[in-house]
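What follows is one structure encoded as structure tokens, with my remarks underneath.
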There are 2 protein chains.
Amino acid sequence: MTEEHTSAAAPRRRNVRGEATRARVLVAALDTFAAQGYHGTGTRDIADAAGISQAALYVHYATKEELLFQLALDGHRAVVEVVRDAAEQDGTPTERLSAVVRAHSRYHAVSRKQARVVNLELGALTREHRQEISALRRELESIVRGILVAGIESGDFRVIDLPLTALALLSLGFDVCRWYRDGGTWTADEIGERYQEMALNIVRNS
Amino acid sequence: MTEEHTSAAAPRRRNVRGEATRARVLVAALDTFAAQGYHGTGTRDIADAAGISQAALYVHYATKEELLFQLALDGHRAVVEVVRDAAEQDGTPTERLSAVVRAHSRYHAVSRKQARVVNLELGALTREHRQEISALRRELESIVRGILVAGIESGDFRVIDLPLTALALLSLGFDVCRWYRDGGTWTADEIGERYQEMALNIVRNS
DNA sequence: GTCTATATTGCGATAGAC
DNA sequence: GTCTATCGCAATATAGAC
């Protein structure tokens, strides 16, 4: 049995611990970035929140920016996944758009901490990393545009400017993470429901 | 002729110069905050952009945060003024809501630099300053709600959740400053026109 | 009111023992 | 892999001459 076999079949315990710490650091970065902003957060703040020394951060992430990038990547992938799942369900264009807007706005209420960091701190990313994130955002717009096209072809929707309407429908959800509070007037589900109705009002051919 | 009379009737030239420099500093802060973010901007960056030494900043503003607060105050007052002017015109609720959404979204395209700083960097304000800004934002929502109430009473509008609809209508405009670019697909006027149509679709009683 | 120079603090990242 | 200690630098704000 070679060393490679052992590593692949049963990772050594220190690897498992390492991965767990890496994840804790990421959560700590999310919490501190959300509370104080990226530039307003020091690596000592992150380390304190993760329960390790400041120097130990650099074993898991090479730079502070790499932490932000990982958060932005995870967050955007999560939104795209949520929205794509809603878009790919069987149903009329009306049903699919309804599901997409409901899921998107609901996500920005439930996961507003991630969404805030991910939407507000993109300017702190390096040029290359920002471009990688932009691709995911364009994918989101593309999914919405696809449903709008289907609805126009079926006669269910009437849209004057297709790309602009897709942008506006996503804007509704993006802004939720700015003002949503737990225990406020609305639940996340209620927001999804109301926003889905407004979205259909915008595009409905009546 | 006393010294007081002279000062009141004809401010000395160094006061005029001082005010002009104060304004140049504010513009420099706007430019640098917009480009690099509040925490990403040093007082040296602001001073360089204003054409003065870093130390001279402190003659005009006591802290860097005071600069941000002044920008946030000016920016929010400008939005409230633009929206209130549109809301107070004579006309049906439909016409008034149309004017408000057109003006609001158009403003966030034309003045996107101010709007970005003002909307994205509020977390860097002190608690007291942030509360003062929040009051202006609530005033904005209140204006929109007032028009919605008028439209519901006249039978022109049909709205399920009034405060949430007001929030959503403003969200459309807020997000414009995030993605709008000069020389892009749409002019600011076109955005105002399309967004106004979408807003009426949302609330129209048909 | 503006300047140069600096006090003071905090930052991101690294060195080296264990 | 984690720690303590520290490097080198940049930050905000102030001092004092002009």
Side-chain angles (χ1 to χ4, degrees), chain A residues 7 10-33 35-72 117 121 123-126 129, chain B residues 3 7 10-33 35-71 117 121 123-126 129:
Chain A
S7 293
R12 283 160 302 197
R13 193 158 62 207
R14 72 167 174 271
N15 284 346
V16 173
R17 279 201 192 137
E19 284 304 302
T21 301
R22 194 178 145 91
R24 285 215 328 278
V25 168
L26 201 62
V27 170
L30 174 63
D31 289 340
T32 50
F33 289 166
Q36 311 170 249
Y38 175 77
H39 286 298
T41 298
T43 49
R44 284 166 182 82
D45 301 326
I46 304 171
D48 288 349
I52 59 174
S53 73
Q54 186 241 2
L57 284 183
Y58 290 86
V59 174
H60 303 283
Y61 297 90
T63 65
K64 190 174 83 155
E65 191 268 351
E66 188 184 313
L67 272 165
L68 179 62
F69 177 57
Q70 191 63 58
L71 288 171
V117 171
E121 309 283 1
L125 292 173
T126 65
H129 285 166
Chain B
E3 176 64 23
S7 292
R12 283 160 304 196
R13 195 159 58 207
R14 73 166 174 271
N15 284 345
V16 173
R17 279 198 193 140
E19 285 303 305
T21 302
R22 195 179 145 90
R24 283 216 328 278
V25 169
L26 200 62
V27 170
L30 174 62
D31 289 340
T32 49
F33 289 167
Q36 310 170 252
Y38 175 77
H39 287 296
T41 298
T43 50
R44 285 169 184 77
D45 301 326
I46 305 171
D48 288 349
I52 60 175
S53 73
Q54 188 241 0
L57 283 183
Y58 291 87
V59 174
H60 303 283
Y61 296 90
T63 65
K64 188 174 84 155
E65 191 268 349
E66 189 185 311
L67 272 165
L68 178 63
F69 177 57
Q70 191 64 57
L71 288 172
V117 171
E121 307 284 0
L125 292 173
T126 65
H129 285 166

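Values below: every heavy atom of this structure, side chains too, minus hydrogens, waters and symmetry copies. The chains referred to below are lettered A, B, ... by the order of the sequence lines, with proteins before strands, and numbering in each begins at 1.
Nearest approach of A/Y61 to A/E66, heavy atoms of both residues: CD2-OE2, 3.5 Å. Of all non-hydrogen atoms in B/E65 and B/T126, the two that sit nearest each other are OE2-N, 3.0 Å.
Going from atom OH of A/Y58 over to atom C1' of C/dG16 covers 17 Å, rounded to whole Å. A straight line from NE2 of B/H39 to P of D/dT12 spans 10 Å, rounded to a whole angstrom. Rounded to an integer number of Å, the gap from CG of B/D48 to P of D/dT12 is 12 Å. For B/K64 and D/dA10, the NZ to P distance is 15 Å, given to the nearest whole Å. Spacing between atom CG of B/L68 and atom P of D/dT12 amounts to 13 Å, rounded to whole angstrom units. Rounded to a whole Å, the CZ atom of A/R24 is 12 Å from the C1' atom of D/dT2. Note: CD (A/Q36) to P (C/dC11) measures 9 Å, nearest angstrom. At whole-Å resolution of the value, CG in B/L57 and P in D/dT12 are 10 Å apart.
Applying a 4.0 Å cut-off to non-hydrogen atoms, the residues of residues 49-56 of chain B that approach DNA chain D are B/Q54, B/A55, listed by residue number.
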Could you walk me through whether A/F69 and A/T63 pass the side-chain contact (heavy atoms from CB on, under 4.5 Å) check?
CA-CA 10 Å; A/F69 177 57; A/T63 65; over 6 Å; no
Show the numbers, then the answer: is there a side-chain contact (heavy atoms from CB on, under 4.5 Å) between B/Y38 and B/V117?
CA-CA 8 Å; B/Y38 175 77; B/V117 171; over 6 Å; no
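Summary of the strand contacts: A/V59 and A/R44 both lie near DNA chain D, and taking for each the nucleotide with the nearest heavy atom, the more 5' one is attributed to A/V59.
Applying the 4.0 Å criterion to OP1 and OP2 of C/dG1, one finds that B/T21 has every side-chain N and O outside that range.
Side chains of B/R24 and B/I52 form a contact here, defined as non-hydrogen atoms less than 4.5 Å apart. B/V27 has its side chain within reach of B/D31: a pair of non-hydrogen atoms, C-beta onward, lies under 4.5 Å apart.
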